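Reading through the structure tokens given below for one structure.
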Amino acid sequence: MKKRRGFILLFVVLVLAGTAVGQQQLFMVDIGGLPFGRAGVKYEHMILRRFSVGAYADGHFMKYSGVSLSPFARFYAGEFTAPESFFVHMQLTAGTFNGPLHYRQYNPVGKDYYTYKKDESFTALGYGIGIGRQWMLTYRTGLELSAGFQYMLRITEREIKLEGVDHPGVYRLNGLTKGEPVDNWYLSGAGGLIYVRVALGLGWW
């Protein structure tokens, strides 16, 4: 646990420190997530010929509403150097959300699930990795196309005990466990396992 916290702290410090040096910067508006209930902005700061740091700030709507911040570290590996080339990046994400939480109780007799849903505010922490391509369309206009995988853990009750309902007992939060229903959180919106970004904006040097 201490090693994990140390790694996260080092990652955040690196991202923040990168904004203090270098001159090449990009500010973009991300519209690629609109069909999935997400829109946001990106700030990127080039600190080496093939390395940059930055962050996405996103607003979420549809099934889950809220805001999130995703600092990232990016490596450009294509023919050209940052910010115009193919890239791979790692990101950390933290956010606060409001939306449905789905719980289930297993019924060994009928081999079925009893379900329970409640709307609640909660925070989520996660990490991800992505790949993409960025172009400088003009001297100061850029375009980013990227996609990746992320995992967002909801910080909320994993089990609840219900009484005074048709099927009282202990209910567990839906997740990604094999043999159990996958929660909507991981299928769409803020917690979707797959994300896509299409960002367009300006750069200054």
Side-chain angles (χ1 to χ4, degrees), residues 1-19 25-45 47 51-76 83 87-102 119-134 144-158 173-177 182-201:
M1 180 64 70
K2 290 184 179 180
K3 289 183 178 180
R4 181 182 299 176
R5 290 178 179 176
F7 174 77
I8 293 175
L9 179 61
L10 178 63
F11 185 92
V12 174
V13 169
L14 177 64
V15 170
L16 294 178
T19 63
Q25 301 170 78
L26 284 171
F27 181 82
M28 292 184 166
V29 176
D30 175 25
I31 59 173
L34 287 175
F36 310 101
R38 188 199 75 241
V41 296
K42 182 196 81 169
Y43 173 78
E44 184 179 3
H45 197 104
I47 60 176
F51 187 71
S52 71
V53 294
Y56 296 99
D58 295 309
H60 303 270
F61 51 96
M62 292 187 181
K63 289 184 178 180
Y64 296 92
S65 60
V67 294
S68 64
L69 182 67
S70 303
F72 63 81
R74 177 175 291 180
F75 176 74
Y76 286 85
F87 62 79
V88 58
H89 77 223
M90 295 179 60
Q91 69 180 40
L92 300 174
T93 303
T96 177
F97 306 94
N98 183 274
L101 296 174
H102 298 268
D119 289 329
E120 187 174 291
S121 297
F122 58 91
T123 58
L125 301 174
Y127 58 88
I129 185 170
I131 59 173
R133 176 69 159 88
Q134 193 158 256
E144 174 189 324
L145 300 178
S146 62
F149 167 84
Q150 67 174 1
Y151 175 74
M152 293 285 288
L153 176 66
R154 293 162 293 177
I155 311 301
T156 187
E157 294 179 296
R158 317 307 294 180
L173 185 66
N174 285 348
L176 291 173
T177 305
V182 177
D183 195 273
N184 288 335
W185 168 257
Y186 295 108
L187 298 178
S188 62
L193 294 174
I194 304 297
Y195 67 86
V196 175
R197 294 188 182 275
V198 179
L200 181 67

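Model, not experiment: these values are computed from the prediction.
- The shortest heavy-atom contact between F122 and I155 is CB-O, 4.0 Å.
- Evaluation of the side chain to side chain contact (heavy atoms under 4.5 Å, CB included) rule for A94 yields L125 as partners, not counting sequence neighbours.
- Shown here for Q134 and Y76, the closest heavy-atom pair between the two residues is NE2-OH, 2.9 Å.
- Judged purely by atom type and a 3.5 angstrom limit, D30 has no side-chain atom pairing as donor or acceptor with the backbone of A39.
- Atom CZ of F72 sits about 10.0 Å away from atom OH of Y43, to the nearest 0.5 Å.
- Side chain of Y64 to backbone of P100: a donor-acceptor contact under 3.5 angstrom is found.
- Here the CE atom belonging to M62 is positioned 8.0 Å from the CG atom belonging to L34, to the nearest 0.5 angstrom.
- In this structure a side-chain-to-backbone donor-acceptor pair under 3.5 Å is missing from E144 to G201.
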### Task
Show the numbers, then the answer: is there a side-chain contact (heavy atoms from CB on, under 4.5 Å) between S68 and F97?
CA-CA 8 Å; S68 64; F97 306 94; 4.1 Å; yes

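- Considering only residues two or more places apart in sequence or on other chains, E120 meets the side chain to side chain donor-acceptor pair (under 3.5 Å) condition with K118, T156.
- The structure places CG of L187 at 8.5 Å from CG of L176, a figure rounded to the nearest 0.5 Å.
- With a 6.0 Å radius and a threshold of 12 heavy atoms from other residues, nucleotides or ligands, I131 has its CD1 atom at or below the threshold.
- Shown here are the ring pair (Phe, Tyr, Trp, His ring centres under 6.0 Å) partners of F149, two or more places apart in sequence or in another chain: there are none.
- In this structure, N174 CG and N184 CG are separated by 8.5 Å, a value rounded to the nearest 0.5 Å.
- Under the salt bridge (Lys or Arg N to Asp or Glu O under 4.0 Å) criterion, the residue pairs touching residues 54-70 are R38-D58, D58-R197, with sequence neighbours excluded.
- Rounded to the nearest 0.5 angstrom, F75 CZ and F87 CZ are separated by 13.0 Å.
- With rounding to the nearest 0.5 Å, the separation of NE2 in H45 from OG in S52 is 9.5 Å.
- Using modelled atom types, one side-chain atom of Q150 and one backbone atom of G192 make a donor-acceptor pair closer than 3.5 Å.
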### Task
Go through the steps to decide whether T96 and V67 satisfy the test side-chain contact (heavy atoms from CB on, under 4.5 Å), and finish with yes or no.
CA-CA 6 Å; T96 177; V67 294; 3.8 Å; yes

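- The salt bridge (Lys or Arg N to Asp or Glu O under 4.0 Å) pairs that include a residue from residues 90-100 number zero, where partners must be two or more places apart or lie in different chains.
- Considering only residues two or more places apart in sequence or on other chains, Y195 meets the side chain to side chain donor-acceptor pair (under 3.5 Å) condition with H89.
- Although no hydrogens or angles enter the test, the distance criterion places a donor-acceptor pair under 3.5 Å between the side chain of W185 and the main chain of M152.
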